[in-house]
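All values reported here derive from a predicted model rather than from experimental measurement.
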Amino acid sequence: SLVPNYVGTVRRQAPSREKVSETNMQPLDLAAVLTRLEAARSQHPDGVVAFDADGTLWSGDVGEDFFHALIARQAIRDQARDELVANAREFSVKIDLGAAATDVARALYDAYIEGRFPEERTCEMMTWACAGWSKSEIARLCKGVVDVGRLSSRIHEEVRGVLDWARAKKVRVIVVSASPREIVETAAAKLGIKGLDIVASTAVYEGNMMIASAERPIPYADGKVTALRKLIGNKAILGAFGDNAFDLAMLAQAMVAVAVRPKERLRKLATELPAMIELLYTETGGNPALGVPARTQARPPIAEPETTR
């Protein structure tokens with residue numbers, strides 16, 4: 001079986017060492033955030049709450065973990081090569097004549113890191129990187145990535161309380177992510193969230209086989225709102241939770257906009273959404289919704305990469 005040969009997550013870059021920007025975001029603990037969500041629910045009982053996945057529900061990026069597992073095993077198949085090469089030519093990314101599909105994918109990723117290949121296209125590439133794989137093969141890979149990457153230990157304690165509140169109040173929880181659907185579904189299952197409640201970058205299949213194409217627009221930046229609205233229609237978004245600049249459009253749609261361990265890029269944009277609040281980082285377990293206190297602080301002690309989507 002194909003299981004990634006690394007332990008933990010693979011980062012596309014080292015954590016930022018820059019000074020954290022001061023913003024006007026009001027820091028609130030879980031109990032205060034739940035009070036605001038309850039007030040929103042009283043106005044719209046059929047409303048939903050929406051979460052970004054990577055960096056919000058859990059630390060790290062499962063789409064990155066998934067892609068790097070493929071790269072580490074030279075497992076990107078020839079069925080993806082033509083589309084990879086087309087992307088390289090479009091953006092003038094140099095590749096060797098006759099380069100294997102995995103090597104072309106690596107070159108595109110390196111170009112992305114250097115700012116020469118767009119992030120949205122990188123997300124699309126990761127989405128159909130398993131072209132030529134069957135659904136069962138992809139499912140096995142996803143399980144290996146989530147298990148070896150110790151996803152359960154990376155879940156953010158402060159958001160568990162929001163999920164518990166939503167379940168207790170029968171509020172629908174939607175996950176909206178630019179990472180590949182298959183890996184997001186596998187990861188979100190650890191939180192009891194099922195596929196029908198997940199909006200993610202979705203590859204095209206012919207029968208049981210993935211092909212090198214993705215449904216557009218993918219849920220990236222404004223595309224998150226487009227995809228979420230397609231699922232829920234005009235229902236109120238009681239609360240939206242995100243960690244990065246790509247979540248701002250979705251956060252702006254919510255009655256309660258909540259930054260979770262916000263990255264520097266989101267902090268810099270906080271003035272564009274003055275009502276956005278910051279959920280205090282939970283250092284230890286606890287659930288104020290159930291009367292169990294948690295020890296909180298404004299920010300986690302170790303900065304995450306700026307690039308979770």
Side-chain angles (χ1 to χ4, degrees), residues 25-26 28-58 155-179 181 184-202 215 217-244 246-260 262 266 272-280 287-292 309:
M25 280 192 293
Q26 182 182 5
L28 295 178
D29 64 15
L30 176 57
V33 171
L34 294 182
T35 297
R36 294 195 178 196
L37 290 174
E38 191 61 59
R41 189 179 75 92
S42 69
Q43 298 177 50
H44 299 277
D46 64 343
V48 306
V49 290
F51 285 86
D52 167 56
D54 301 309
T56 301
L57 288 173
W58 49 70
I155 293 170
H156 292 164
E157 287 299 321
E158 60 266 38
V159 300
R160 286 186 189 271
V162 181
L163 296 174
D164 290 342
W165 170 84
R167 291 189 182 101
K169 303 296 183 178
K170 295 182 170 52
V171 173
R172 187 180 184 187
V173 173
I174 310 293
V175 174
V176 186
S177 174
S179 288
R181 167 172 289 278
V184 175
E185 287 187 358
T186 305
K190 297 290 186 180
L191 287 164
I193 300 169
K194 298 181 179 179
L196 291 176
D197 295 323
I198 292 172
V199 175
S201 295
T202 303
E215 296 179 4
I218 65 169
Y220 173 89
D222 290 347
K224 289 195 171 190
V225 176
T226 302
L228 178 58
R229 283 296 176 196
K230 184 177 179 180
L231 181 65
I232 68 170
N234 292 323
K235 286 186 177 180
I237 302 172
L238 306 180
F241 296 75
D243 71 304
N244 215 331
F246 319 115
D247 302 318
L248 190 66
M250 182 175 74
L251 291 167
Q253 293 278 310
M255 297 177 70
V256 183
V258 186
V260 179
L266 181 57
E272 296 186 18
L273 189 57
M276 182 165 57
I277 59 178
E278 180 176 353
L279 176 60
L280 286 169
N287 191 338
L290 302 178
V292 181
R309 299 177 300 269

Point to revise | Chi angles and distances behind the side chain to side chain contact (heavy atoms under 4.5 Å, CB included) call for Leu238, Val48 | key: CA-CA 6 Å; Leu238 306 180; Val48 306; over 6 Å; no
Review point. Given the rule in the side chain to side chain contact (heavy atoms under 4.5 Å, CB included) test, do Ser177 and Val199 qualify, once you have shown the distances and angles that lead to the verdict?
Key: CA-CA 6 Å; Ser177 174; Val199 175; over 6 Å; no
Practice item. Please test Met255 against His44 for side chain to side chain contact (heavy atoms under 4.5 Å, CB included), starting from the C-alpha separation and ending with a verdict. Key: CA-CA 10 Å; Met255 297 177 70; His44 299 277; 3.5 Å; yes
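Between Asp52 atom CG and Asp247 atom CG the span is 4.0 Å, to the nearest 0.5 Å. For the atom pair OG1 (Thr35) and CH2 (Trp165), the distance works out to 10.5 Å, reported to the nearest 0.5 Å. One finds the CG atom of Asp29 at 8.5 Å from the CG atom of Leu279 (value rounded to the nearest 0.5 Å). Atoms CG and CZ, from Leu57 and Arg160 in turn, are 10.0 Å apart once rounded to the nearest 0.5 Å.
A distance-only check finds a donor-acceptor pair linking the side chain of Thr56 to the backbone of Asp243 [under 3.5 Å].
Side-chain atoms of Glu158 and Leu280, non-hydrogen and from C-beta on, never get closer than 4.5 Å to each other. Annotation: side chain of Ile237 is not in contact with side chain of Val49 (no heavy-atom distance under 4.5 Å). Looking at Ile155 and Leu191, their side chains come closer than 4.5 Å, going by heavy atoms from C-beta outward. Two residues are said to be in side-chain contact when any heavy atoms from C-beta on lie closer than 4.5 Å; Val258 and Val256 meet this criterion. Between Leu228 and Ile174, some side-chain heavy-atom pair lies under the 4.5 Å cut-off. Residues Ile198 and Arg181 have side chains in contact (heavy-atom distance under 4.5 Å, counting atoms from C-beta outward). Contact check for Val260 versus Phe51: no side-chain heavy atoms found under the 4.5 Å cut-off. Counting heavy atoms from C-beta on, the side chains of Leu30 and Val162 come closer than 4.5 Å.
Remark: Glu272 engages no residue in a side chain to side chain donor-acceptor pair (under 3.5 Å) (not counting sequence neighbours). Remark: Ala259 engages Met25, Pro262, Leu266, Met276 in a side chain to side chain contact (heavy atoms under 4.5 Å, CB included) (not counting sequence neighbours). Listed by chain and number, the residues in a salt bridge (Lys or Arg N to Asp or Glu O under 4.0 Å) with Arg172 are Asp197 (sequence neighbours excluded). Annotation: salt bridge (Lys or Arg N to Asp or Glu O under 4.0 Å) contacts of Lys190 (sequence neighbours excluded): Asp147. For the side chain to side chain donor-acceptor pair (under 3.5 Å) test, no residue two or more places apart in sequence or in another chain qualifies with Arg167.
Annotation: salt bridge (charged side-chain N to carboxylate O under 4.0 Å, His left out) contacts involving residues 30-40, sequence neighbours excluded, comprise Glu38-Arg41, Glu38-Lys169.
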